[in-house]
Amino acid sequence: MAMFLLLLIIGLTGLLAFILGPIKVLRNIISLIGAIGGLLYFVFKIRPGQAYALNIKIYNVHFGTGMSALSIFFGIILLGLFLIFLIASFHEDNDGAYYMFSFFSLLGALGVLFAKDLISFFFFFETMSLFSFLIVLKGNGETSHRSAFKYVMWSAFGAYAFLLGTFLKVNYTHSVMITDISYLGGNIKLWILILLLTPFMVKTALMPFHLWAPGAYTDSKDTYTVFLSGGLSKIGVFGYFIALFNVFSQIAVLYPWLLKVFAYIGAITASLAGIYAFMQDDAKKLLAYSSISQLGYVAVGFGVYSHFSVVAALFHALGHAVFESLLFLVVAGVYYRTKTHDLRKMGGLIKKMPLSFIGLLFGIIATSGIPPTIGFPSKWLLYEAIILKNDLFLVSLVFFASITAFLYSYKLIHSIFLGKLHKEHEHIKEAPFGYGFGIVVLLIPLFVLGTNPGIVVKPIDYIVRFYLKPDLAYNLTNMTTPLGHVNFPAIGITMTLLFTLSFIIYLIFGKSYRAAQEDNYTATEWIDKDFGLHYGGEFYGFMRKAFGKPLTWSFEKILNACLKVVSFLGEIARGFYMGDARVYLFYIILFFAIIVYIMGGKL
Amino acid sequence: MSILYFFLYLLLVTVIGLLYMGVARKVTAHIQNRYGPPIYQPILDVLKLFGKRHTVTHGVMHSLGPVIAYTGIASTLLFLPLGNHTPLLHFKGDLFVVLYLLVVGPLGMALGAGESSNPNATIAMARALSLMLGYEIIFFMATLPVFYHYHTASIYKVIQAQGVFPHWGAIIFPISFLAALFALQGMMGEKPFEIAIAPHEIASGPMVEYGGKYLGLLQLWHAVGIIVETGLLVDIFFGPQNIIWFFIGTFIVFYVVILVNAVMPRFRIEQAVRFYWGIPLLLAILGILQVYIWR
Amino acid sequence: MDAGLIFYGSAIFLMVMGVFIAITGRHLIKILLGIDVFDTGLNLLIVSFGYINGGTAPIFSKYPNIFKNVVDPVPQALVLTAIVIGVAEMAMGLAIVMQIKEKFGTCNIAKLKELKW
Amino acid sequence: MKLFNFSQSRSLWMMHFCTGCGAMEMPPTMTSRFDMERFGIIPMATPRQSDLLLITGYLTIKTLKRVVRAYEQMPTPRYVLGFGSCTINGGMYWDSYNVIKKLELYIPVDIYINGCMPRPEAIIDAFLKLREMIAKGEANAWKKYIENYEWYKKNQSEVFDVEKWSIKNEK
Amino acid sequence: MVSPILVIALTLFLAFSIPLLHMLSKKLPPFVPPLATLINLWILITNIKHVGEGAMLITTAGLKPPIAINLAIDKFSLLFAILIQVIGFLLSIYYLSQERKDMRFYMLFLLNILGASGIVMTGDLFNSFVFLEILEISSFGLVASGKDKKALEGGFKYMMIGAIGSSLYLLGIIVLYLSTGTLNMAHIAKLMPSIPDSVKLFSSILFLIGIGVEVELFPLNAWAPDAYQGAMDEISTQLSSIISKTGIYLAARIFLTIYGGLYATNIIFYLAITTFIVAELAALMQKNVKRMLAYSSVGQMGLLMLILSVFAKRGDVFVLTTAILLALNHAFGKGLLFLSLGSLTGNTRNYDIEDLKGAGRANPVLGFLFATGVLSIIGMPIFFGFWSKISLLISIMKANLMYLLALLLLVFLVELYYYANVIVNLFKGEGKKYRIGVIPVSVMLLFALSLIVFGLWPHPVFKIAQNAAASLMERSMYISSILGGM
């Protein structure tokens, strides 16, 4: 019953938040209590293994809700991120419905985690995408309704594929529960697996299915994107695990090529999304593509299908939840102050918003996977796993993708914080408390889990050990795989030591004074105060020439083509109802004649 | 004891690095049929730079840039086994740790240069990072066969495995070694790929606003960088058994790089990236195929 | 059931004519008339189904029934209601046609193009 | 201090500000014929990185504004070399309305090299002379600029509107 | 036990008493319809207990079934009767809020309710034809009652097709009468094996066309989009919720009980699929929201007929429960949609998507109602539509028609495409604010609440639908209980 109570708490808080909509303070307090209550309740009351039977007996489907260690792992991520999102969202002017929808999307997400059978899995998956669609619809910006439309279409596409897969499975195995189907004959199980995987590929925006993601991330409310990209995409990862391990455990034996294709799709998504990312001039679009690229790694992790590659994938999913939401939070704080996402209009904000700068700095260090932070262990494990699977081309593709991470993260931090402060941003203050609190809270795991990853690897290993033969030796601080050994805190300590050393060198020699902004070497040409020195937009413009034509290809064209076909069919169907009653009459008589002619034989 | 040993080691490498730079200037001078400065000239330059009184900074990050740069390259140094002995005793360098730490240096300098809000610096950083898109992947694909051949990801084990002359990485994998050389040229930022620091086009790139002690720190960073990058190549492809062989190896490789640098003109950035995805990429792929066939 | 060719033929002919008028007619009232002709044709067909050779009208009176065979009464009863319903239909149809004439200004069905596609 | 003077003298980074006809003399000194690099002198791109400012020819008011800006952007200690007679007394442009007659009035100069565009040997000789002065610690013209900053600024303001053209940062 | 015959008699009496009441005072007629439907509802509810196993027989004029006209009410028809009365009652309250000059409108409305409840309850074939005619003529009138160009044109078209359709239906009845000699449904069902095959086939074709017009199968539904679009919003609600549902009842009764689901059903199977696909594709291209809703309800009707034919192919109780669930969901959901669309456009009767831009944001309550309707029709989780869609897919899966399942899902995607397009347009940009009365909102709110409440706790509805389906399925039970072992 505990899980049912949890969903009830969240649902009720959502409703209350809606009813108390106009009274801002009361609504905020209620939703805060609800979120914290949910988190605490989840952490203390819910244990793995307990099956909270909420069996609504409808024909042969029962709403049993099971609980596995993995769902706790993701549950904590979800609830934690939701709390951060909530605290930050109090600064935005949202109405009651916004909070209700966000609470219900959380409810959907948690429901998915607890689902034991495919129909309730689908029920909660649909609720989650429905309510996040409604939030994206309420988002700011004028294109938000276009992207909301794309979002709902893509998630519906995924959901219906899932439904088809479920019913194929039920038809062959006569049970709706999430049970293994690898014993089925023929390649029907291949079809079932692909169909079941599609919604999760859509949710984690793998390449062919990623068209909705940039739009949805940029156009939904800034703080909600934190939860959308950090939290809800994790449901896709959870889905991968369910599909690849619970539903089809013998996949490595039966269809190894499918896993390799899945890994390569993930790698291609990571690199292509990275390239698109550093071409963007809008901060949130850049982060959206970066989030897609990071999720590509997770797909590679699952594709490689060895013990510590899945551990790496789950660890990277957690890492992604931490540093991606940190980046989105900082951009939200910047938007709160400067009211713009456009990289061209920002610049030099380090002078005004130092805390956000530090947050973003460590965020991008983690995104690019530089050692002391959380990004590195998962990437390191992933590389080791791929090399062990002796697929060298895949490892170079993934490495190429991680290089693009350096490019777009530097572009982000440079165009927002470094460079020349625009005149209108002269007197803006640091981002308000909500954002600051979120940044600080997210920085802690960034470093703690970065230096001693054992904390998280232990539970993940406990989950994955059940399915795959473990060959990763680890303790709190360092990890050894058959290939190599890394001691994470050692890297951290040496870097801090050396930092102090070079800082001392810096301090000994001479004093330096601060120069005014326009005291810049411009070949001694005279520039006045508001001379636009900031080189924010088109940062990697020349790369467009380097890539040339391939950059212009996009999946959008293929989608529009099949849309045209469907609307052509629509034209024909519409042509049937041409408006003149006599023609309708003629239809009836014609139909009668044809039927009689066909049936004539039997008459 | 280890802390003192630690500083001495760092000082030694920095001085050797500076001497390498002196040799480089000497060699280029002689190629251009002139005498060129004494070998210890860079040390004098660094001392002069640190002696400067009034230097200008554009903000905290601007002054911290070179500090982070030097930290990055120094920590990469400490994780790179020079010959068969490594300063941090219990921890043998891992390829990925070294590759990712290599990025901290340029990132620090990039942040500092960005803060100076000088368009030259930012264009330079954009070019440097895009170039990285070119050479980094080639370098990784070139070194991969060696690691894969010896079934390890740690550089230290690779050195030990290479041992005597016929077992050198360069001999077993000549194609990958060639590709690695191309990549090294880009990584060092030497002439054909000196796009980031191009003095004529963007007024010495990121260092445009750095003077005095900051420039000194950056010179140190460059010096240690030479040793680390060439050292990485030498460790992987030649496996020097002791430190003397290590420095001889680095000198030879550095010498080749300088020769190329002295005579080559400079690429435009998109030409450079396109170049890297041409022949070097082909070579790297051939190297990997060779490993597959070999195994 | 043996009403002979004439009745069936004429009934079916009437129905076909009715449909033909309804389909080709341009004037609204002409179409309505077509439908009415179709209805009458149908009613004729139903009644002709019920005809038994030599049967007399199925009327019960107090005098004992001197003729044995009586025509099947049920179709005739049904036709009665069918005719009434046909009348009601025509009434409603004409009411609508009156309104259309007033609103559209014309009775030509080709002009009724408000609801298309 | 002595070590610094020695190292400063041995490695002079030159800000190649080619004004006027003296610029033509610089390439031979730099390249293989006269090779000034052996004395540790290499041309630098930005004033921030250089110690030596070469004024190689006549200075019109327009270029003087840029020269003063470049001079102020250089870190101290900095030295100035005046090439040719034009910097000493205006040279053949002595009667021109917009050429600066005496360079000293506007920025402190360490060494003048006379000759209507001195040959490379004279330039090398000047460099060596400067080296000894620095080594002995005598070449501190840059201190004069800082000490009587107002005097220099007054002279400059006679020629161009200093207020508009000077960099306002806390010295 | 009040005999249900009163339902028909009462509505008839009240319908024709309206002109008299009108003479008394102008304001009286609007109150008659709610009164009538309320009493009918009360009568029917009291009768629920009496409908035991099989059908409850009510004889008229004292004679045993095969001879006189009688009413045969089993759980299935009772469910539909109650549904009709409930929606009729809600609609009549909705009419209270609009002042109407012409009191004859209420007469047509009551006649419509009469026709509908008559068809649902009658046990006699010819009687069902009579009630069908009453239903059709009154709905011609209702559609044309809009009194503007569109309504009149829609009404006329509906009239033309409806007339031909019902007369072919009559021809079908006669052919059956000639071969069996009786008009009583149960008796014909009993004598069905004795009828020669060709007659059965010919009569099933005639019935197919007659009912096909009513139930909007593919070639015969050309009138539906024009009628729905032309009529006033409340009338199209009535069209979609009451009249088409009676069509489904009639189809179920004839094709399943009388024909035992043998003859026309496989033609219906393919026809229904084409209806669904053609309707959804046509809706895709629509710029006019009202016409889009019309096409979507035609599509839903196609779906319902599909379920019935699937039952006929490999039937079990569950498939029929789905049919009932789909019918309920469509009745409430579509009704809500038409009503809220009416007030969203402020009864200005221009339904272009561009004009609707931002209307949902301008009047949030209506936006919420419209969105609930759409989301329930699409089958989103929180709403009742979800259960009907899931059970639809499960029943098709049970008849293991996998390709049909895939095809349906694809077409659902198309359906979602145009519905999402409407919702997205509704909630974006600045729209016009309309003042709406309390009564219409409360009626719509009732519809919406029922969708959400049953969505979250679908148990009671499942139970009702289950035993209604059970009673429809036992064909023999129906026959024996009516004929009483004749």
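Proteins get letters first, then strands, A, B, ... in listed order; numbering begins at 1 in each.
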(request) Let me see the working for A/Ser105 and A/Tyr224 under side-chain hydrogen bond (donor to acceptor under 3.5 Å, both in side chains), right down to the final yes or no. (result) CA-CA 11 Å; A/Ser105 62; A/Tyr224 187 74; 3.1 Å; yes
(message) Let me confirm one number: the CZ-CZ distance from E/Phe383 to E/Phe454, rounded to the nearest 0.5 Å.
(response)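 Reported to 0.5 Å precision, the distance equals 15.0 Å.
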(request) Quick one: pull up CG in A/Leu137 and OG in A/Ser147 and give me the separation to the nearest 0.5 Å. (result)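 The distance works out to 9.0 Å.
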Between [X] and chain A, which part of the residue has a heavy atom less than 4.5 Å away: side chain, backbone, both or neither?
X	value
E/Pro225	side chain
E/Leu208	side chain
E/Leu271	side chain
E/Met380	side chain
E/Ile267	side chain
E/Ile164	side chain
E/Lys463	neither

[X] versus chain E, the contacting section by heavy-atom distance below 4.5 Å:
X	result
A/Phe131	side chain
A/Leu130	side chain
A/Leu563	side chain
A/Phe167	both

(message) Below 4.5 Å, heavy-atom pairs only: which of A/Thr127, A/Ile595, A/Leu569, A/Leu168 has the largest tally toward chain E?
(response) A/Thr127
(request) Could you tell me which of A/Val152, A/Leu134, A/Leu163 has the largest number of non-hydrogen atom pairs under 4.5 Å with chain E? (result) A/Leu163
(request) Any side-chain hydrogen bond (donor to acceptor under 3.5 Å, both in side chains) involving residues 206-216 of chain E? Give me the pairs, sequence neighbours left out, ordered by first then second residue. (result) E/Glu216-E/Tyr228
(request) Flag the pair E/Glu354 and E/Lys357 as a salt bridge only when some basic side-chain nitrogen lies within less than 4.0 angstrom of an acidic carboxylate oxygen. (result)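 No salt bridge links E/Glu354 with E/Lys357.
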(request) May I ask you to check whether E/Tyr158 and E/Phe140 place their ring centres under 6.0 Å from each other? (result) yes
Under a 4.5 Å heavy-atom cutoff, which of [options] has the most pairs with chain A?
options	value
E/Val213, E/Asn221, E/Ile378	E/Asn221
E/Ile396, E/Leu405, E/Ile277	E/Leu405
E/Asn425, E/Leu416, E/Leu206	E/Leu416

(request) Name the orientation class of the two ring planes belonging to A/Phe125 and A/Phe162 (parallel below 30°, tilted from 30 to 60°, perpendicular beyond 60°). (result)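 Aromatic pair A/Phe125/A/Phe162 classed parallel.
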(request) State, yes or no, whether a side-chain contact exists between A/Phe124 and E/Pro381 at a heavy-atom distance under 4.5 Å. (result) no
(message) Under the rule for ring pair (Phe, Tyr, Trp, His ring centres under 6.0 Å), what residues qualify as partners of E/Phe276, not counting sequence neighbours?
(response) E/Phe412
(message) Do A/Tyr151 and A/Asp219 pair up side chain to side chain, a donor and an acceptor below 3.5 Å, judged on atom types alone?
(response) no
